[in-house]
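Structure record follows, encoded as structure tokens.
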Amino acid sequence: MTVGLLYDSTRCVGCHACSQACKEQNKLPGEVQDHTTAYTWTVVKEHEGAFVRQMCMHCLEPSCASVCPVGALHKTKEGPVVYDAKKCMGCRYCMLACPFEVPKYQWDRAVPVVGKCIMCYDRVKEGKATACAEACPTQATVFGERKELIMDARERMRANPSGYQDAIYGIKEVGGTGVLMLSGVPFASLGLKTGLPEEAPPMRTWQVLSKIPDFVAIWAASLYAIHWITKRRDDVAKAEGGE
Amino acid sequence: MDTPVRNDRFRAGFWTVLCALFTLAFLVIAVLRFTKGLGAVTNLSDRFPWGLWIGFDLLCGVGLAAGAFTVTACVHLFNLKAYEPIVRPTILTGFLGYVFVIVALLLDLGQPWNIWHAIIYWNHHSVMFEVAWCVMLYTTVLSIEFSPVVLERFGFHKVAHMIHKFITPLVIVGVCLSTLHQSSLGSVYLIVPSKLHPIWYTPMLPLLFFTSAVGAGLGMVVIESYLSGRAFGRHLEMDLLAPLGRVMVAVLSIYGLMRIQTIAHNGAFRDIIGLTYEGKMFILEFAIGVLAPVILLAIDKVRNNPTGLVTGAFLAVMGFVVNRLNVSVTGMERSAGIHYIPSAMEITVSIALVGIGMAIFALACRYLPIFPDAKGAKRSRRPASPSPDLVPAEEGR
């Protein structure tokens, strides 16, 4: 079972209750910013009258967790991608790798950690909805099992075909995401990344990494073979020269 | 204290003073960085998390150390004994390159005191994990490969001789580790297909990084021979170095061809012909790093002339640096939506590291038997104290 969130832009009224609830739930200092930071994990942005939430998409195959050398970021079996600050060494590869540019950094701290939405993992483990979904007055954000959320989204689109774009954002982007989005206007005009590959990016590095053991064996053997041949050739040349 | 031959002229000259000033600045910046955070000294941000310290210090530092594995492979695996005189300086360059990278990483990592976590928390899906292990292991291999030089200097000839017994497996391990992570620095960028500009993004990145590192590594061998030759009043071993120029022509040509193919495959020629920002940076990189050195070094007259050879090698190295910065900075700017220019403090740190590295190299050349015609090497040529790298192969067995 994989849980996720369904965000419906057409229901969102831009009240920022989700951002505020997120701050409280995760005890993040400071006011809600107008963009996501290490201290503001979700924001609502307005694009020509349409709203869009920005937050971690909780990819099914997350690039951040794949690149983290120490496994500080990891995909839980329930679905949320969580972060363990104690393991982190601060290489920021997760920030580079994330196709949605979600992980943010504490640039002002001497001991900085990464900040990003963790889908209220503690609440999820207890079977509760995320703080943002609970706080949303219009049910623009709902929490649930990903499969059911997809069915729910399709149902909404069927009921009101003219009101929605004919796609669910997050179904196939970078191999699928835990957060799904519906919109009345084209996704690109909401500032969402379009044209993302359908294949999960971690596949690309894994294709190379998984071949390394075989490669090393063959390469080391070849190098030794070259050494053996060249040395033999040298010995023979010396012996012949000596005669 | 022995008096070294010809090179005992330690005076606080222009370069020494400059290097000392940069070192001082480096220390001040390091204090600032560890008390006020990365934001206080760098122009890095949430939109541009990796800058000069990754692009130059890490990618170039490791790449330019590539001479070490190429030359040790030439001598110990391909049995090209003629190259023995340059094995020691290239191993030292390689080792210093890695130390340079590690110091830079300690500044760039948010929590450098956790750097050892890579040893206990494993994520074998991470290219960075592989890089971390290769850096650890290869730095160890390089220090073992270099240790006979230090051991000899202090008279531990038996230990030095013992290490030589294991030189073939050691070199094989070293070459494997180098191959892996010269290429895996390219693999680091495989994860960003939607971010890195199509002039540079290709599944071939690992192979391209490896090939260009071999080319630039050989260029560095030529340059360091030239610089140390000047500093210590030695002649340039043209009979050794000119053939390296020939190899560079071959390696860079293959690399250039692969580059053109991948760009054609990505349909990114439009950007080059259209002279976009990325297109111009590519032309710069390709002209000075591939076209110019290939043309120069392919001409016998130029290659066999010390100035011509060094110019060709220098261009190849510069082109390599531009390429790594293009992958790490230029190619990432469009998707980030901002223009990243390193801060004065970031630049100071990088220059200081290069300066400190060169100073250590110069000191080592002065006090250790690095070069065959320096005093230390003369001592090591005595039959009783065979040096691992200078001793003929049949004696070592």
Side-chain angles (χ1 to χ4, degrees), chain A residues 35-38 63 65-72 74 86-97 99 101 103-114 174 193 195-197 199 201-202 204-209 212 215-216 219-220 223-224 226-227 229-231 233-235 238, chain B residues 34-40 42 44-47 49-50 73 76-81 105 108-115 117-118 120-132 168-169 171-173 175-176 179-180 183-184 187-188 190-195 203 206 332 336 393-394:
Chain A
H35 56 280
T36 56
T37 67
S63 298
S66 144
V67 300
C68 182
V70 293
H74 97 109
K86 283 196 198 75
K87 286 184 180 175
C88 181
M89 57 167 87
C91 71
R92 309 186 294 285
Y93 194 11
C94 51
M95 303 177 72
L96 186 93
E101 279 149 60
K104 305 288 176 180
Y105 207 59
Q106 296 176 337
W107 298 98
D108 53 341
R109 297 279 177 98
V111 184
V113 299
V114 170
V174 292
K193 302 223 171 200
L196 291 172
E199 178 199 59
R204 299 183 184 232
T205 40
W206 186 238
Q207 275 168 359
V208 174
L209 282 171
I212 284 178
F215 168 79
V216 169
W219 190 217
L223 289 170
Y224 187 77
I226 291 169
H227 166 74
I229 291 170
T230 56
K231 188 181 168 295
R233 200 163 54 190
D234 205 42
D235 291 348
K238 279 219 181 79
Chain B
F34 284 113
T35 49
K36 310 250 187 240
L38 275 167
T42 69
L44 299 177
S45 64
D46 281 334
R47 300 185 86 170
W50 281 9
H76 294 287
L77 304 182
F78 305 156
N79 219 26
L80 302 170
K81 287 279 146 39
L105 266 180
D108 190 73
L109 288 178
Q111 302 195 39
W113 44 87
N114 284 350
I115 196 168
H117 279 184
I120 54 163
Y121 300 120
W122 287 26
N123 176 16
H124 62 276
H125 282 262
S126 166
V127 179
M128 190 64 79
F129 172 78
E130 189 214 323
V131 171
T168 302
V171 168
I172 291 178
V173 170
V175 173
C176 284
T179 315
L180 279 190
S183 56
S184 60
S187 314
V188 160
L190 287 179
I191 198 79
V192 286
S194 59
K195 289 182 165 185
M332 298 296 289
E394 67 269 28

Taken in chain and number order and not counting sequence neighbours, the residues that satisfy side chain to side chain donor-acceptor pair (under 3.5 Å) with A/E199 are A/R204
Taking the side chain as C-beta and beyond, is there a heavy-atom pair between B/S187 and A/L209 under 4.5 Å? no
Taking B/H125 for its side chain and A/W206 for its backbone only, find out whether a donor-acceptor pair lies under 3.5 Å. no
Taking every non-hydrogen pair under 4.5 Å, which of B/D108, B/I115, B/T35 racks up the most with chain A? B/D108
Please list, chain by chain and in numerical order, all residues satisfying salt bridge (charged side-chain N to carboxylate O under 4.0 Å, His left out) with A/K193, sequence neighbours excluded. A/E101
Against chain B, label A/V70 side chain, backbone, both or neither, depending on which of its atoms sit under 4.5 Å from a heavy atom there. both
How about A/Y105 and B/L44: do any of their side-chain heavy atoms sit closer than 4.5 Å? no
Heavy-atom contact with chain A under 4.5 Å, split by part of B/P49: both
Measure distances from A/R109 to the heavy atoms of chain B and classify the residue's part below 4.5 Å as side chain, backbone, both or neither. backbone
Minimum side-chain heavy-atom gap B/T168-A/K231 below 4.5 Å: no
Taking A/V111's backbone N and O only, do any of them form a donor-acceptor pair with B/Q111's side chain (distance below 3.5 Å, no angle check)? no
By a 4.5 Å heavy-atom criterion (distance strictly below it), what part of B/F34 contacts chain A: side chain, backbone, both, or neither? backbone
Straight-line distance of B/F78 CZ to A/L223 CG, nearest 0.5 Å: 6.5 Å
Is any side-chain heavy atom of A/M95 closer than 4.5 Å to a side-chain heavy atom of B/D46? yes
If I measure from the heavy atoms of chain B, does A/P197 come under 4.5 Å with its side chain, its backbone, both, or neither? side chain
From B/L190 atom CG to A/Q207 atom CD, the distance as rounded to the nearest 0.5 Å: 9.0 Å
Once you round to the nearest 0.5 Å, how far does CD1 of B/I191 lie from OG1 of A/T205? 4.0 Å
Pick from B/M332, B/H124, B/R47 with the largest number of heavy-atom pairs that fall under 4.5 Å of chain A: B/H124
Contact origin within B/V131 toward chain A - heavy atom pairs under 4.5 Å: neither
Please classify the contact of B/A132 with chain A as side chain, backbone, both or neither, using a heavy-atom distance under 4.5 Å. neither
Is any side-chain heavy atom of A/R92 closer than 4.5 Å to a side-chain heavy atom of B/L38? yes
Would you check if the side chain of B/N123 reaches a backbone N or O of A/A65 as a donor-acceptor pair within less than 3.5 Å? yes
Which bit of A/A72 is near chain B, if near means a heavy-atom gap under 4.5 Å: side chain, backbone, both or neither? neither
Any sub-3.5 Å donor-acceptor pair from A/Y93's side-chain atoms to B/V127's backbone N or O? no
Considering only heavy atoms, which portion of B/L105 lies under 4.5 Å from any heavy atom of chain A: side chain, backbone, both, or neither? neither
Can you tell which of A/K87, A/H35, A/R233 has the highest number of heavy-atom pairs within less than 4.5 Å of chain B? A/K87
